[in-house]
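Let me begin by presenting the structure, written as structure tokens, before commenting on it.
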Amino acid sequence: MRIGMGYDLHRLVFGRKLVLGGVTIPFEKGLLGHSDADVLVHAVCDALLGAAGLGDIGLHFPDRDPELKDIYSIRLLAKTYEMVSSKGFAISNVDSTIFAEAPKLSPYREKMQKNIAGIIKIEPDRVNIKATTTEGLGMIGKGDGIAAMCIVLLTL
């Protein structure tokens, strides 16, 4: 068994779509980044890559690569899954937390679960997504950003 942990944080800005777990969520701001800046998917990718001993998302998908500009991060997750599974690993489960003051994410949680589970070829009930606030503290608490953490368990 191998355990991996991933974390990502992006700034919220006007003029961008908010994408989390591959779901476009209606909101006045979106996350700033080279890709669609989906912090949840990026955290899952980093956790998978770390558990498999394959480095991190920046190594495989650098933000200076013009081909990755505005890429839908679910595509990065699909490529990450291919790398991890090619080393003989199976994904046992994914446990993640999104940190955001707004918007409310509970209406989108099930769709995010299904998106991620479908790409990494596990049952949706093995992908857990939680959301919490930071009680008004820090960058996230002021509504300036959204972050996500993820832990995964891989088996051989």
Side-chain angles (χ1 to χ4, degrees), residues 3-52 54-84 91 93-122 124 126-152:
I3 297 170
M5 195 277 293
Y7 175 82
D8 197 28
L9 167 71
H10 283 269
R11 181 174 305 280
L12 281 165
V13 296
F14 291 101
R16 294 268 303 186
K17 291 188 293 186
L18 178 59
V19 180
L20 293 170
V23 177
T24 300
I25 298 169
F27 195 56
E28 69 263 11
K29 294 180 182 177
L31 294 167
L32 180 63
H34 185 69
S35 65
D36 64 4
D38 186 332
V39 293
L40 176 58
V41 169
H42 293 181
V44 174
C45 288
D46 261 346
L48 289 168
L49 292 166
L54 293 170
D56 65 22
I57 195 170
L59 176 67
H60 297 282
F61 312 110
D63 62 7
R64 62 193 172 279
D65 184 341
E67 289 186 23
L68 300 176
K69 180 72 176 139
D70 296 322
I71 192 168
Y72 184 46
S73 291
I74 286 289
R75 291 182 51 206
L76 303 180
L77 181 59
K79 291 178 183 184
T80 299
Y81 173 76
E82 289 172 14
M83 287 185 268
V84 169
I91 301 167
N93 76 300
V94 172
D95 187 29
S96 60
T97 304
I98 302 168
F99 301 87
E101 290 300 309
K104 281 285 189 201
L105 299 175
S106 55
Y108 309 100
R109 189 182 69 76
E110 188 176 324
K111 178 66 174 151
M112 288 187 255
Q113 265 182 300
K114 288 179 180 176
N115 283 349
I116 291 169
I119 295 296
I120 61 175
K121 299 180 180 14
I122 63 175
R126 290 169 53 197
V127 175
N128 192 49
I129 300 170
K130 303 172 295 288
T132 190
T133 69
T134 60
E135 302 294 328
L137 298 173
M139 172 185 183
I140 295 167
K142 292 181 209 168
D144 292 335
I146 294 177
M149 288 179 52
C150 179
I151 296 175
V152 300

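Everything quoted here is computed from the prediction, not taken from an experiment.
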[atom1]-[atom2] distance between [X] and [Y], expressed to the nearest 0.5 angstrom:
| X | Y | atom1 | atom2 | answer |
| --- | --- | --- | --- | --- |
| M5 | L48 | CE | CG | 13.0 Å |
| L20 | F27 | CG | CZ | 10.0 Å |
| K114 | R109 | NZ | CZ | 10.5 Å |
| D38 | C45 | CG | SG | 9.0 Å |
| L40 | C150 | CG | SG | 7.0 Å |
| I151 | N128 | CD1 | CG | 11.0 Å |

Could you tell me whether L32 atom CG has more than 12 heavy atoms of other residues or ligands within 6.0 Å of it?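 Yes, the 6.0 Å shell around CG holds more than 12 heavy atoms from other groups.
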Does the side chain of [Y] come within less than 4.5 Å of [X]'s, by heavy atoms?
| X | Y | result |
| --- | --- | --- |
| K29 | R16 | no |
| S96 | I116 | no |
| I91 | Y81 | yes |
| L68 | H34 | yes |
| R126 | V94 | no |
| M83 | H60 | yes |

Side-chain donor-acceptor contact under 3.5 Å, S73 with H42: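 Yes.
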Stepwise side-chain contact (heavy atoms from CB on, under 4.5 Å) check, M112 with N115: CA-CA 5 Å; M112 288 187 255; N115 283 349; 5.6 Å; no
Test side-chain contact (heavy atoms from CB on, under 4.5 Å) on T24 and V19 and set out the steps. CA-CA 4 Å; T24 300; V19 180; 3.9 Å; yes
Given side-chain contact (heavy atoms from CB on, under 4.5 Å), test D8 with D46 step by step and report yes or no. CA-CA 9 Å; D8 197 28; D46 261 346; 5.9 Å; no
Which atom of G22 lies closest to which atom of Y72, heavy atoms considered: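 Scanning both residues completely, I find the closest heavy atoms to be O-OH, 2.7 Å.
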